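Structure first, then comments.
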Amino acid sequence: MSEKKSGETSAADAGNHPGIQVSRRNFLQMVGITGAASGLGLPFVGQAAAALALAHAGGVDADGLVSIKLKVNGKAQELKVDPRTTLLDALRDHLQLTGTKKGCDHGQCGACTVHVNGRRVNSCLSLAAMHEGDEVTTLEGLGQPGQLHPMQQAFLEHDGYQCGYCTSGQIMSAVALMKEPCGPANADVKEAMSGNICRCGAYSNIVAAIQQVRKI
Ligand code: FES
Ligand code: FES
């Protein structure tokens with residue numbers, strides 16, 4: 001149960017972000033000189049990420065907001081957000097895409113999973129300002145009523161949910177899993193889905209749904 005997701009906000013992830021070229025020295029300088037970041041009340045890594053985000057996004061305006069351009073579910077979006085805004089809150093509160101759920105808000109449950117440039121990400125751990133130019137897909141972008149994504153259909157057919165709170169994240173992870181290396185066994189799927197917690201314990205049905213789609 002140790003799935004590592006690319007959206008986890010770490011200094012290493014920030015330094016590896018496509019389109020951002022920053023040396024270790026510059027990165028540390030940004031952390032040191034960016035007053036906005038140091039005032040955020042975030043832990044060091046969070047401040048570092050915020051500093052990098054500010055630098056990447058071109059700084060804050062007079063209201064302390066940063067402008068970011070994203071493509072969300074195929075549609076270009078331009079947002080002005082507080083630099084502390086997570087991708088999760090940007091999606092839910094600024095774009096009203098509430099299909100993505102906030103569970104723990106600490107990277108522990110996977111309810112907030114979305115795709116960024118095709119890879120699954122815990123959106124609660126990723127600052128929106130770090131996604132300038134990125135392509136984001138949420139559950140709303142997968143399928144629609146009457147035209148469901150095969151994974152959504154499989155979750156329905158296998159009762160892969162009970163309360164449904166984790167389901168959006170489960171489905172987004174499951175769809176991303178289709179493009180990842182994963183062995184054929186149920187145990188392999190469980191390991192690959194280990195970052196998505198289901199308090200209702202619908203795991204066996206979730207695995208059945210995923211295995212059905214993998215056979216298509
Ligand atoms: Fe993001 Fe739990 S809400 S991992
Ligand atoms: Fe309730 Fe998963 S269906 S938490």
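Everything numeric in this text was worked out from a predicted model, so none of it was measured. Numbering of ligands and ligand atoms starts at 1, following listing order.
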Between CD of Gln153 and NE2 of His158, what distance do you get to the nearest 0.5 Å?
10.0 Å
Quick check on contacts: which atoms of ligand 2 are under 4.0 angstrom from a heavy atom of Gly164?
1 (Fe), 3 (S)
Pairing donors with acceptors under 3.5 angstrom, does anything connect the side chains of Ser67 and Lys80?
yes
Residues with a heavy atom under 4.0 Å from ligand 1, by chain and number, are Gly103, Cys104, Asp105, Gly107, Gln108, Cys109, Gly110, Cys112, Cys124
For Glu132 and Leu70, run side-chain contact (heavy atoms from CB on, under 4.5 Å): C-alpha distance rounded to whole Å, both residues' side-chain angles, the deciding distance at 0.1 Å, then the answer.
CA-CA 6 Å; Glu132 172 72 19; Leu70 303 168; over 6 Å; no
Under-4.0 Å heavy-atom contact with ligand 2, by part of Ala202 that carries it:
neither
Closest non-hydrogen atoms of Thr100 and Ser168, given as atom of the first, atom of the second and distance, are CA-OG, 4.0 Å
Does the side chain of Thr98 pick up a donor-acceptor pair with the side chain of Arg92 at under 3.5 Å?
no
Without hydrogens or angle criteria, can the side chains of Thr138 and Asn73 be said to hold a donor-acceptor pair below 3.5 Å?
yes
Could you tell me whether any N, O or S atom belonging to Cys200 is less than 2.8 Å from atom 2 (Fe) of ligand 2?
no
Show me which atoms of ligand 2 lie under 4.0 Å from any heavy atom of Cys198.
2 (Fe), 3 (S), 4 (S)
Considering residues, nucleotides and ligands other than Gln96, do more than 12 of their heavy atoms fall under 6.0 Å from its CD?
yes
Counting from 1 in the order shown, the ligand 2 atoms closer than 4.0 Å to a non-hydrogen atom of Arg199 are 4 (S)
Heavy-atom pair of closest approach, residues Leu88 and Lys101
CD1-O, 3.9 Å
